[in-house]
Amino acid sequence: MRLNEAERLGESVNKVSVGRVYDYLLGGVHNYAVDQAFAEEQLKRLPEMRNFARSNRAFLGRAVRFAVQQGVRQFVDIGSGLPTQGNVHEVAEEVAPGECSVVYIDNEPIAQAHAHILLERTADPDRHRALDADFFDGPKLWERVLDTGVIDPERPIALLAVALLHFMPPETQPERTLAYYRDQLAPGSFVALSHIHVPPEDAETLAAAEKVIDSYRRQANSVARPRSREDIAAFFAGLELVDPGLVWVPEWRPDGDDPYQNEPARSRGLAGVARKA
């Protein structure tokens, strides 16, 4: 391991990580005391955080299965986070054994270390890779994705940006970077994303969410920010949303395996999948 990588790893262990907090909320084991204490503090303010994480993970699985059923055999998962229950390559293998390729992308050192370990144990190195890279790397990142040799840009790809974009403040213009990736996709490709959302009329939850956001700003390695429904819908510009459109996370093609299936608005998140014509 190069010195700068070792330094990044050491710094990551001692600082709250959004990826490890997410893993903790999902019941995973790849997290530390600093992440656990932070998560429990936020859960006191916004108890729905845990079920948002679980609803979001369930949506990821449904989106992957949908894409495979539509004939897609390639996945690029940006902001993949720590390996936990229902990883993309595992879900895809259940539907189309031996057929799907996946590139996982994350810029968190612990997530990368665990991703490589997971892939060594459970994946096919000829079809599954993990990259240490950032969403905003744009052309440089896409070049690295293609350099893995497991993604064919001439064939449809499912681009996954699940529970990622709410960590991108408006001033960073994530819609421009996402549009670049969209433009690289072959016709018949899909983009799947989810994003935290609190309706403006829900003043109590908004107040609690602001306290959580402030905690992320002060203590974590990323800052979360909800967006309006209109702003989230804008991420799908140039694409055709598939049914049922942009909906509460549990409402997207439900299969009965979601903690908020009877109270979808309590998931505090919107999700959608769109196709490139």
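- Checking each of L185, I157, V191, L159 against K276 for a side chain to side chain contact (heavy atoms under 4.5 Å, CB included) leaves exactly one that passes, namely L185.
- Between D23 and R20 there is no salt bridge, since no side-chain nitrogen of the basic residue lies less than 4.0 Å from a carboxylate oxygen of the acidic one.
- In the model, E48 has no side-chain atom that pairs as donor or acceptor with a side-chain atom of N51 under 3.5 Å.
- Screening R73, R127, R155 against E99 for a salt bridge (Lys or Arg N to Asp or Glu O under 4.0 Å) leaves a single residue, R73.
- In this structure a side-chain-to-backbone donor-acceptor pair under 3.5 Å is missing from D183 to Y180.
- Counting heavy-atom neighbours within 6.0 Å of R176 CZ, excluding the residue itself, gives a total of 12 or less.
- Atom-to-atom distance recorded for L141:CG and E143:CD is 10.0 Å, nearest 0.5 angstrom.
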- With ring pair (Phe, Tyr, Trp, His ring centres under 6.0 Å) as the test, would you mind laying out the steps for Y216 and F38 before giving the verdict? CA-CA 9 Å; Y216 270 93; F38 178 84; 4.9 Å; yes
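- Pairs of residues two or more places apart, or lying in two chains, never qualify as ring-ring contact (aromatic ring centres under 6.0 Å, His included) while including a residue from residues 143-165.
- Residues in residues 248-277 take part in these ring-ring contact (aromatic ring centres under 6.0 Å, His included) pairs, two or more places apart or across chains: F59-W252, F66-W252, H197-W248.
- Checking N56 against Y22 by side-chain atom types alone, a donor-acceptor pair falls below 3.5 Å.
- A donor-acceptor pair shorter than 3.5 Å cannot be found between the side chains of R266 and S55.
- A salt bridge links D202 with R268; the closest basic N to acidic carboxylate O contact falls under 4.0 Å.
- For the residue pair Q74 and D152, no side-chain donor N or O sits within less than 3.5 Å of a side-chain acceptor on the partner.
- Across E40, R45, K44, a single residue satisfies side-chain hydrogen bond (donor to acceptor under 3.5 Å, both in side chains) together with Q42, and that is R45.
- Residues R227 and E175 are not paired through a salt bridge, judged by the lack of any N-O separation under 4.0 Å between the basic side chain and the carboxylate.
- In terms of the ring-ring contact (aromatic ring centres under 6.0 Å, His included) criterion, Y24 has no residue partners (sequence neighbours excluded).
- Each of I196 and L25 belongs to its own hydrophobic cluster when Ile, Leu, Val, Met, Phe, Trp and Tyr are linked at side-chain heavy-atom distances under 4.5 angstrom.
- In the hydrophobic clustering of this structure, L119 does not group with V103; members are Ile, Leu, Val, Met, Phe, Trp, Tyr whose side-chain heavy atoms approach within less than 4.5 Å, directly or through other members.
- Using cut-offs of 30° and 60° for the angle between ring planes, the H89 and Y104 rings count as perpendicular.
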